[in-house]
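Proteins get letters first, then strands, A, B, ... in listed order; numbering begins at 1 in each. Quantities reported herein were computed from a predicted structural model and do not represent experimental measurements.
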Number of protein chains: 2
Amino acid sequence: MPTDRSSAGDPARTLALLWREPGHGASGRGPKQGRTIDEVVNTAVELADTAGLEAVTMRRVAQALDVAPMSLYTYVPGKAELLDLMLDTVYAQMPRADHADRPWRARVEAIAEENRALFERHPWVAAVSTVRPPLGPGLMGKYEHELRAFNALGLDDVEMDAALTYLLSFVQAAARAAAEVRASQHDSAMNDEEWWAANGPLLAKASDATKYPTASRVGTAAGETHGGPYSPDYAYAFGLRRVLDGLGALIESRVGD
Amino acid sequence: MPTDRSSAGDPARTLALLWREPGHGASGRGPKQGRTIDEVVNTAVELADTAGLEAVTMRRVAQALDVAPMSLYTYVPGKAELLDLMLDTVYAQMPRADHADRPWRARVEAIAEENRALFERHPWVAAVSTVRPPLGPGLMGKYEHELRAFNALGLDDVEMDAALTYLLSFVQAAARAAAEVRASQHDSAMNDEEWWAANGPLLAKASDATKYPTASRVGTAAGETHGGPYSPDYAYAFGLRRVLDGLGALIESRVGD
DNA sequence: CGTTACTCTGTACACCGTACAGGATACACA
DNA sequence: TGTGTATCCTGTACGGTGTACAGAGTAACG
């Protein structure tokens, strides 16, 4: 359930919020705000971390801040912009250690790991859309940092962006799948093994192995190996190697390295 | 917004529905159902195709069938199971041409294209979760067909499953991104170019290019090349080459080919 | 000191999935 | 043939969502 992100509403207002420009209530007239934007955003992030993105409702955020729901709209134009601010905040908190002296594979793998850690600490991030990202300081710093991993590899600017997008898209897809697995185990009250045990026999009866020989052989082998129909960890490890090899084919065709 | 899928409720009931087992109202007592399950599912699919997944509500599906909303619950245990049936239905309609005589790259690329076509005809499919897929005839046929592309490449069963999962995950992520771009252009009343034109200058003022030199250089180059912040077509073409190269490194390490 | 801009709040609306109870229907069986 | 009963269909209702709107209170400006 990727929740809606800003893109609606006034882009200028959204940018001003992201960069914390003083605007809006700068005239000073009227009562001061009882909370700060950062308190609102941090509360929402904590709520999302502990209770999931679907728990981030204007009413619940307001309740956590001990404020009436409609008061939030004096801090933020709407929920979409709040999500933008949440995203940029967690982006800003990511580590930015310099990897310049390491070989390119290690650099790229480090970027992947940093993002994997982000999705582990904030699983809800995997569920929100990242086309048209929130152009705040958090994203800019992240983008700058991550692009550097692709420096001096013989790629042109457009290819650098594409390579990074490709890498991040893989990590996000893996994290999304992992989050979906966790969610399905949580709200179905039966874990993967139980589900597999309950569905396997029924499935064998309904579909016969003679009609889908490859599928039943491979599916059974994979299911037994992973202890369920899908293993996020294995999929990430397997996929990351392919991603690195795929980028390697491009990079090594450009520079001897 | 990946909507919830079954996994809740009785797995046996769901499987019986997917395989169209006669069960449930088989006793014949009472009035006959005025619609068929297929009518319900097909109506929901059409609704999703033309108006998006968020338009698929029990009320709207019922209205399209000229039936009271609660009547749907005599055909289907709930919305999650309806989604399972929708998914399996569109899976069943995918082409299954035999690619056995073509080289492996062409086979794998054909699988990618078939899925890309699926996501183009039914954009909502990209938004629903595929861990714990609906184990119906549609999915089984698809799985069987797609696994064959990885036959005789020296991969063991677990690797075949992982390779296919990796490929499909890429295509789905690309389709998701494409759908999100379309959605953001649709509901924000401004297309990517307008958004870029509106945000570019503001962004340049807020963030300065000296602080994010790589980001602004690369971002500008990519934005100008794609006519916006993200080009789904370019990302797909770029990514598919990397995916094939990455799988190639694995495959060619197993068999001389 | 009055005006005015601003914060905060309660109420209300349209929508969602679906639990529940009751009426209509048509087969199974005495 | 009459009756019991399983099933279909329906209307109403509940708790949830984001947020539009109107009003009350507050503090700085002219």
Side-chain angles (χ1 to χ4, degrees), chain A residues 1-10 13 22-37 39-40 44 47-48 51-86 128 187, chain B residues 1-10 13 22-37 39-40 44 47-48 51-86 128 187:
Chain A
M1 59 63 200
T3 317
D4 286 338
R5 285 252 328 295
S6 85
S7 41
D10 183 8
R13 173 85 195 279
H24 210 46
S27 93
R29 202 127 33 161
K32 297 294 165 229
Q33 291 188 313
R35 307 282 180 279
T36 64
I37 292 196
E39 280 180 282
V40 173
L47 198 53
L53 193 57
E54 74 284 355
V56 180
T57 71
M58 299 303 266
R59 285 169 174 85
R60 311 256 291 255
V61 174
Q63 189 181 18
L65 285 161
D66 205 31
V67 145
M70 289 308 294
S71 299
L72 293 185
Y73 289 88
T74 58
Y75 298 85
V76 153
K79 194 187 179 184
E81 286 79 3
L82 177 56
L83 259 172
D84 279 357
L85 289 166
M86 292 168 64
V128 319
D187 66 26
Chain B
M1 63 69 199
T3 318
D4 285 338
R5 285 253 327 295
S6 85
S7 42
D10 184 8
R13 174 83 196 278
H24 211 45
S27 94
R29 199 122 42 154
K32 298 292 166 232
Q33 291 189 313
R35 307 282 178 278
T36 64
I37 292 196
E39 281 180 283
V40 173
L47 198 53
L53 193 57
E54 74 283 356
V56 180
T57 71
M58 299 304 266
R59 286 170 173 85
R60 310 249 301 248
V61 174
Q63 189 181 18
L65 286 162
D66 203 32
V67 145
M70 289 307 294
S71 299
L72 293 184
Y73 289 89
T74 59
Y75 298 86
V76 153
K79 193 187 180 183
E81 286 80 4
L82 177 56
L83 259 172
D84 279 356
L85 289 166
M86 293 169 63
V128 320
D187 65 27

With respect to the phosphate group of D/dC9, does any side-chain polar atom (N or O) of B/Tyr73 fall under 4.0 Å of OP1 or OP2? no

Distance from B/Met70 atom CE to B/Arg59 atom CZ, nearest 0.5 Å? 9.5 Å

Has the side chain of A/Tyr75 got a donor or acceptor atom that lies under 3.5 Å from a matching backbone atom of A/Leu82? no

With the side chain of B/Ala68 defined as its heavy atoms from C-beta on, choose the nearest nucleotide among D/dT19, D/dT10, C/dG17. D/dT10

Phosphate oxygens OP1/OP2 of C/dT7: is one of them under 4.0 Å from a side-chain N or O of A/Tyr75? no

For A/Arg29 and C/dT3, what is the distance between atoms CZ and C1' respectively, to the nearest whole Å? 8 Å

When the distance from NZ of A/Lys32 to P of C/dA5 is rounded to whole Å, what number comes out? 15 Å

C/dT7, C/dC27, D/dG18: which one has an atom nearest the side-chain heavy atoms of A/Thr74? C/dT7

Integer-rounded Å distance: C/dG17 C1' and B/Arg60 CZ: 15 Å

Categorize B/Thr57 for me: base, sugar-phosphate, or nothing, with a 4.0 angstrom heavy-atom threshold over every strand shown. sugar-phosphate

Taking all atoms of both residues into account, what is the closest heavy-atom pair of B/Gly78 and B/Met58, and its distance? C-CE, 4.3 Å

Whole angstroms only, please: what is the CD-P distance between B/Glu54 and C/dG17? 12 Å

Given the structure, check if the side chain of B/Arg59 and the base of C/dG17 hold any donor-acceptor pair shorter than 3.5 Å. yes

Roughly, in whole Å, what's the span from CG in B/Leu72 to P in D/dG11? 13 Å

Is the phosphate of C/dT7, meaning OP1 or OP2, less than 4.0 Å from a side-chain N or O of A/Ser71? no

Nearest-nucleotide comparison on DNA chain D, the residue closer to the 5′ end among B/Arg35 and A/Met70: B/Arg35

If I compare all heavy atoms of B/Val56 with all of B/Ala44, which pair ends up nearest, and what's the gap? CG2-O, 3.8 Å

Please give, in whole Å, the distance from C/dA19 P to B/Lys79 NZ? 15 Å

How long is the span from the NZ atom in B/Lys79 to the CG atom in B/Leu72, to the nearest 0.5 Å? 11.5 Å

What's the closest nucleotide to the A/Gln33 side chain, out of C/dC8, D/dT5, D/dG18? C/dC8

Between P of C/dC8 and CG of A/Leu65, the distance in whole Å: 11 Å

For A/Gln63 and C/dT9, give me the distance from atom CD to atom P, rounded to whole Å. 13 Å

Map A/Val67 and B/Val56 onto DNA chain C by nearest heavy atom, then report which one ends up closer to the 5' terminus. A/Val67

